[in-house]
Amino acid sequence: MSPDFERAVIAAVRAIPAGRVSTYGTVAAVAGYPRHARHVGALLAHADAALALPWFRVLGSGGRIARPGTAGADQQRILLEHDGIELDSKGRVDVWRYGWPPSCFMR
DNA sequence: CTATTGACGGGGT
DNA sequence: CACCCCGCCAATA
């Protein structure tokens with residue numbers, strides 16, 4: 001991945017405040033790379049730099065946790081709740097309530 | 001060059 | 001909800 005892309009995505013993820021969440025697609029757009037949602041996921045999953053980021057605040061569209069059933073998904077749910085974020089009975093986060101940035105989650 | 005592969009997103013049935 | 005299909009795009013084979 002280009003260093004530029006990594007820089008921008010890392011900055012965008014670090015900008016998500018505690019108690020708020022964002023999505024792969026939104027992070028990509030905010031970082032200046034629309035349509036690169038998959039690459040945001042790849043970065044958070046494989047880049048060493050991602051370990052120091054609040055990666056757990058990044059969800060799939062609709063506030064869905066990616067790769068359900070995996071250990072990582074379980075860990076993400078724990079971290080989100082630890083962050084004070086409510087998940088519905090299906091483990092879904094209400095992005096209209098917790099989404100970041102707010103401008104991207106207004107009806 | 002084509003084909004495959006994703007922590008993705010959206011639409012249709 | 002379950003599937004199925006397509007668009008997306010960089011990396012890799």
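Remember, it's a predicted structure, so these values are computed and weren't measured experimentally. Letters A, B, ... mirror the listed sequences (proteins, then strands); counts begin at 1.
Taking atom CG of residue Leu59(A) and atom C1' of nucleotide dG9(B), one finds them 14 Å apart after rounding to whole Å. When rounded to the nearest whole Å, the span between CD of Glu6(A) and C1' of dA7(B) equals 16 Å.
In this structure, the side chains of Arg107(A) and Trp96(A) come closer than 4.5 Å at one or more pairs of heavy atoms. For the pair Glu6(A) and Leu43(A), the minimum side-chain heavy-atom distance is below 4.5 Å.
Residues of residues 66-82 of chain A having a heavy atom closer than 4.0 Å to DNA chain C: none are found. At a non-hydrogen distance threshold of 4.0 Å, Arg35(A), His36(A), Arg38(A), His39(A) from residues 22-39 of chain A come into contact with DNA chain C. DNA chain B is contacted by no residue of residues 84-107 of chain A, taking any non-hydrogen atom closer than 4.0 Å. Contacts of residues 43-52 of chain A with DNA chain C (heavy atom under 4.0 Å): none.
Residues meeting the ring-ring contact (aromatic ring centres under 6.0 Å, His included) test with Tyr33(A), sequence neighbours left out: Phe5(A), His36(A). By the side-chain contact (heavy atoms from CB on, under 4.5 Å) test, Ala71(A) is found to be paired with no residue, residues two or more places apart in sequence or in another chain being considered. In terms of the side-chain contact (heavy atoms from CB on, under 4.5 Å) criterion, residue partners of Arg77(A) (sequence neighbours excluded) are, by chain and number, Ile65(A), Glu81(A), Leu87(A). The side-chain contact (heavy atoms from CB on, under 4.5 Å) search around Arg92(A) returns Arg64(A), Asp88(A), not counting sequence neighbours. Taking the side-chain contact (heavy atoms from CB on, under 4.5 Å) definition, one finds that Arg7(A) meets it with nothing, sequence neighbours left out.
Cluster membership for Met1(A) and Trp55(A), using ILVMFWY side-chain heavy atoms within less than 4.5 angstrom, is shared. There is no path of hydrophobic side-chain contacts, each under 4.5 Å, that joins Val58(A) to Phe105(A).
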Shorter than 3.5 Å, N or O on both sides, protein versus nucleotides 11-13 of chain C: list them out with atom names.
residue: dA11(C); atom: OP1; partner: Met1(A); partner atom: N; Å: 3.1

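Atoms CG and NE2, from Leu44(A) and His39(A) in turn, are 13.0 Å apart once rounded to the nearest 0.5 Å.
Contacts classified as salt bridge (charged side-chain N to carboxylate O under 4.0 Å, His left out) and involving residues 47-58 of chain A (residues at least two apart or in different chains) are given here: Arg57(A)-Asp83(A).
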Contacts under 3.5 angstrom, residues 8-30 of chain A side chains, donor-acceptor by atom type, not counting sequence neighbours:
residue: Arg20(A); atom: NE; partner: Tyr98(A); partner atom: O; Å: 3.1
residue: Arg20(A); atom: NH2; partner: Gly99(A); partner atom: O; Å: 3.0
residue: Ser22(A); atom: OG; partner: Trp100(A); partner atom: O; Å: 2.7
residue: Thr23(A); atom: OG1; partner: Thr26(A); partner atom: N; Å: 3.1
residue: Thr23(A); atom: OG1; partner: Thr26(A); partner atom: OG1; Å: 2.8

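Closest approach of Gln76(A) to Ala66(A), counting heavy atoms only: OE1-N, 4.5 Å.
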